[in-house]
Amino acid sequence: MISSVNEHRYNANGGNMDLLSGLNDKQRQAAEHDKGPILVIAGAGTGKTRVLTHRIANIIKTGKAKPWEILAITFTNKAANEMKERIGQLIDFSIDKMWIGTFHAICVRILRRDIDRIGYDKNFVIYDTDDQKTLIKDCIKEMNLDTKTYNANVIRSIISNEKNNRNMPDKFIAENFGNFNLRNTGEVYSLYEKKLKIANALDFDDLIVKALKLLEMNEDVLESYRERFKYVLVDEYQDTNSVQYNLVKILSKKTTGESNIFVVGDEDQSIYGWRGADINNILDFEKDFEGAKIVKLEKNYRSTNIILNAANGVIKNNCQRKGKNLYTDFEDGNLINLIETDNEKEEAFMISALMRKEHNKNSINYSDMAILYRTNAQSRALEEGLIREGIPYKIVGGLKFYGRKEIKDIMSYLMLIQNQKDDISYNRIINVPRRKIGKKTVDTIYEHARRSEVPMFEASYDVLELGLTPAATKSVQDFVAMIEMLMIKKDVMSLSEFIQAVYEDTGYRKMLLTDTTVEGRSRIENMEEFLSAAKDFEERYEENSLEDFLSHTSLLADVDKTDDTEKDCVTLLTIHSAKGLEYDTVFVTGLEEGMFPMIRKDDEEEDSEEERRLFYVAVTRAKRMLYITYSNERMVFGHHESRHKSRFLDEIPSECFEESTPQSIAEKKMKSFEMNNLFSENKSYSNREVKSGHSFIEAKNKNLFKGAISFSDNTNYDSEKRVDSPKLKSDKLAAGDKVMHKAWGIGTIVQLSGEGEGQKAVIAFENKGIKNVMLSYAPIEKV
DNA sequence: CGATACGTCCTTTTT
DNA sequence: GGACGTATCG
């Protein structure tokens with residue numbers, strides 16, 4: 001077929017036209033491939049999802065398989081949801097019966113059905129990274145090992161590695177018998193496994209490992225899936241680890257040897273090596289699946305020529321690749337703007353100023369801009385800059401919603417009610433809210449449980465024999481009775497009613513209500529959000545038991561939660577989270593040796609190829625405009641460290657960069673001079689009272705950003721800003737706007753709600769705190 | 001028993 | 001700069 005200018009556009013009424021007519025030659029080859037294994041190498045922005053969705057739609061439309069005979073595996077829920085949605089637009093069939101989901105979600109599904117075959121109860125719970133860490137700490141303590149030598153985080157990653165290589169504790173111990181510390185680490189691993197089993201809990205890695213084990217050990221279960229899934233599709237194949245690879249293989253390869261497996265990936269975007277992803281899975285696909293067809297997608301529909309040249313220039317320095325070169329029909333576009341700054345504050349300030357410029361001069365929506373960084377820790381300085389400039393933003397990652405204390409607490413109640421063997425949850429909530437069950441009491445129960453090798457909840461039934469004070473005994477009995485009552489309620493109430501009951505019966509709600517601090521209020525809000533998420537889940541899904549809800553929420557990542565319906569604000573995220581996304585304007589930050597590429601002291605071996613791929617991913621997120629920043633100095637662990645420009649910058653062809661004119665440098669110096677003045681005047685700001693580690697995104701909600709407001713008061717700054725960004729004629733207000741109130745003075749809009757006459761705003765005033773106002777009545781003017 | 005005060009460690013990246 | 005754990009006090 002002949003390429004047309006619009007070939008990358010979506011076919012709006014695809015239902016009626018030839019499904020594949022909108023694809024280019026290569027995409028089409030991949031989408032209509034019939035039987036046998038096929039590998040699609042899809043460079044960034046080459047229409048990978050498009051091929052996947054059209055292929056699935058085509059299979060169904062041509063009658064090659066029924067919806068329920070298709071298995072499509074992704075890495076994120078976001079990718080899975082997007083795929084479902086887009087397939088839904090292409091076909092009339094219901095997609096509900098299709099198995100489209102993440103590796104983890106698919107495995108949970110498989111396990112819920114038959115996990116009893118490998119000795120677990122079907123009501124198993126899923127432990128997240130925090131739970132894992134807690135459990136490992138318990139193990140270390142119980143074994144009387146030194147907590148400094150045996151770091152829970154380090155051991156967690158060792159265990160994860162071992163699991164992903166399918167090494168059991170015994171093997172690890174045997175292999176490291178000569179090394180005292182590693183041998184002990186192996187013993188911790190062993191105890192950890194034992195405790196998981198007693199708790200009837202699985203960690204993230206287990207989900208895949210145990211699913212594979214279940215299939216390997218139960219021929220009939222395996223065969224039923226093999227027969228069912230006529231077509232297996234895997235997205236982001238370059239990120240599969242060995243267990244995932246084996247799972248895919250065992251599910252897709254029939255006993256006859258034939259395999260209708262379709263994998264899409266890009267070795268240049270393999271950035272999860274640290275999580276066990278094996279780039280060789282994609283490099284060796286042809287060997288693993290004989291007679292595999294290979295299709296390479298190199299035509300990019302996302303970025304300008306200059307951005308692609310930069311990306312190609314960088315990635316060609318890697319050896320571990322099959323080699324490809326992205327190209328486009330698009331014009332050259334803007335040159336890349338490379339920005340050098342003196343420190344991370346100036347970096348944040350420059351970015352903020354440039355974002356404002358893009359927004360005001362080029363009419364770019366804030367939601368079409370993103371700031372990418374290597375580590376989450378970098379977000380703090382960037383947030384400060386954005387708050388000062390009053391640019392609305394949202395952060396992806398960092399402190400996750402489901403990682404917040406109150407959410408984890410309520411989840412723990414739910415998990416314990418579902419599975420009374422879950423000791424981690426038991427310990428978490430036994431005395432939250434306070435019920436006079438102190439450390440000593442808990443320790444006594446713990447010891448008793450450990451001696452009889454039963455879960456703590458079960459051990460609590462023996463409370464009378466433990467020689468506790470009458471008061472403590474009573475408290476424990478009350479606790480047990482309360483959980484038992486809730487177990488009954490679970491079976492007679494709807495999910496949302498039940499969770500509400502848990503919230504109230506446990507006294508958790510009462511506890512939150514007595515906390516009148518800003519933090520406490522934010523807890524209540526989070527809780528309400530959680531309750532409405534449960535309600536939403538209940539209404540949306542037919543399978544909406546507590547068990548389903550827990551599986552669902554345990555596997556939710558933060559990236560998945562970002563709904564695109566949010567207001568117009570810029571996005572801050574790590575490059576890892578940004579994979580698969582695209583933005584008109586992208587700022588890639590912190591291009592400094594040691595930071596990016598990241599180099600750690602005491603490193604085993606640095607994988608600079610993976611770092612380079614990461615940079616490649618970052619660059620290829622940009623559609624129109626790319627900014628890259630680096631700083632000569634950066635605060636690390638509270639200390640100033642001087643930095644050097646990253647080697648990666650030399651790999652971008654120099655003609656891709658904008659010349660730094662003397663004028664622009666002068667302008668920059670001017671700005672940084674002003675900024676330093678302002679920063680030094682705002683000491684109160686840097687000493688702000690953000691108590692828990694909820695970062696700025698919360699500080700923002702809590703309106704603690706007094707600095708932002710006094711900043712806007714600064715006349716120097718204001719006059720400068722006005723020159724740079726003419727005031728908008730429209731009286732439309734947006735979050736982040738600064739307003740002048742007749743009585744209360746200057747404030748910043750934190751949140752808008754409602755429409756037209758009834759529109760309300762939450763405004764943070766400099767001296768008057770937070771106010772809720774009705775916009776149609778309030779004497780307010782935009783500043 | 002619980003609240004507060006310091007010391008220690010820390011940071012990749014995420015399902 | 002901050003989270004988390006242990007020490008110390010009320």
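Below, read A as the first sequence line, B as the second, and so on, with proteins coming before strands; counting in each chain starts at 1.
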**Request:** Measure from NZ on Lys137(A) to C1' on dC9(B) and round the result to the nearest Å.
**Result:** 11 Å
**Asked** dC9(B) P sits how many Å from Asn151(A) CG, rounded?
**Response** 10 Å
**Item:** Residue mapping more 5' on DNA chain B - nearest nucleotide basis, Glu611(A) or Arg434(A)
**Value:** Arg434(A)
**Message:** With a 4.0 Å limit, can you tell me whether Asn376(A) has a side-chain N or O closer than that to the phosphate oxygens OP1/OP2 of dT13(B)?
**Reply:** yes
**Check: Tyr630(A) ring centre within less than 6.0 Å of His644(A) ring centre** = no
**Prompt:** Rounding to a whole Å, what distance do you find between Lys133(A):NZ and dC4(C):P?
**Reply:** 7 Å
**Asked** Between dT12(B), dT14(B), dT11(B), which one does the side chain of Ala377(A) approach most closely?
**Response** dT11(B)
**Item:** Aromatic-base stack, Trp274(A) on dT13(B), cutoff 5.5 Å, angle under 30
**Value:** yes
**Asked** Hey, is Phe637(A) stacking on dC10(B)? Ring centres under 5.5 Å, planes under 30°.
**Response** yes
**Asked** Between dT15(B) atom P and His104(A) atom NE2, what is the distance in whole Å?
**Response** 9 Å
**Message:** Measure CG/Asn431(A) against C1'/dA3(B) and give the value in whole Å, please.
**Reply:** 14 Å
**base_contact_polar (dT14(B) base, Thr76(A) side chain, donor-acceptor, <3.5 Å)** = no
**Message:** Of the options dT13(B), dT15(B), dC1(B), whose atoms approach the side-chain atoms of Thr441(A) most closely?
**Reply:** dC1(B)
**Prompt:** Is Lys579(A) salt-bridged to Asp239(A), cutoff N-O under 4.0 Å?
**Reply:** yes
**Prompt:** So is Arg112(A) actually on top of Phe124(A)'s ring, under 6.0 Å and inside 45° of the axis?
**Reply:** yes
**Prompt:** In whole Å, what is the span from the CZ atom of Arg156(A) to the P atom of dT14(B)?
**Reply:** 12 Å
**Note: Arg613(A)-Glu610(A) ion pair, threshold 4.0 Å (strictly below)** = yes
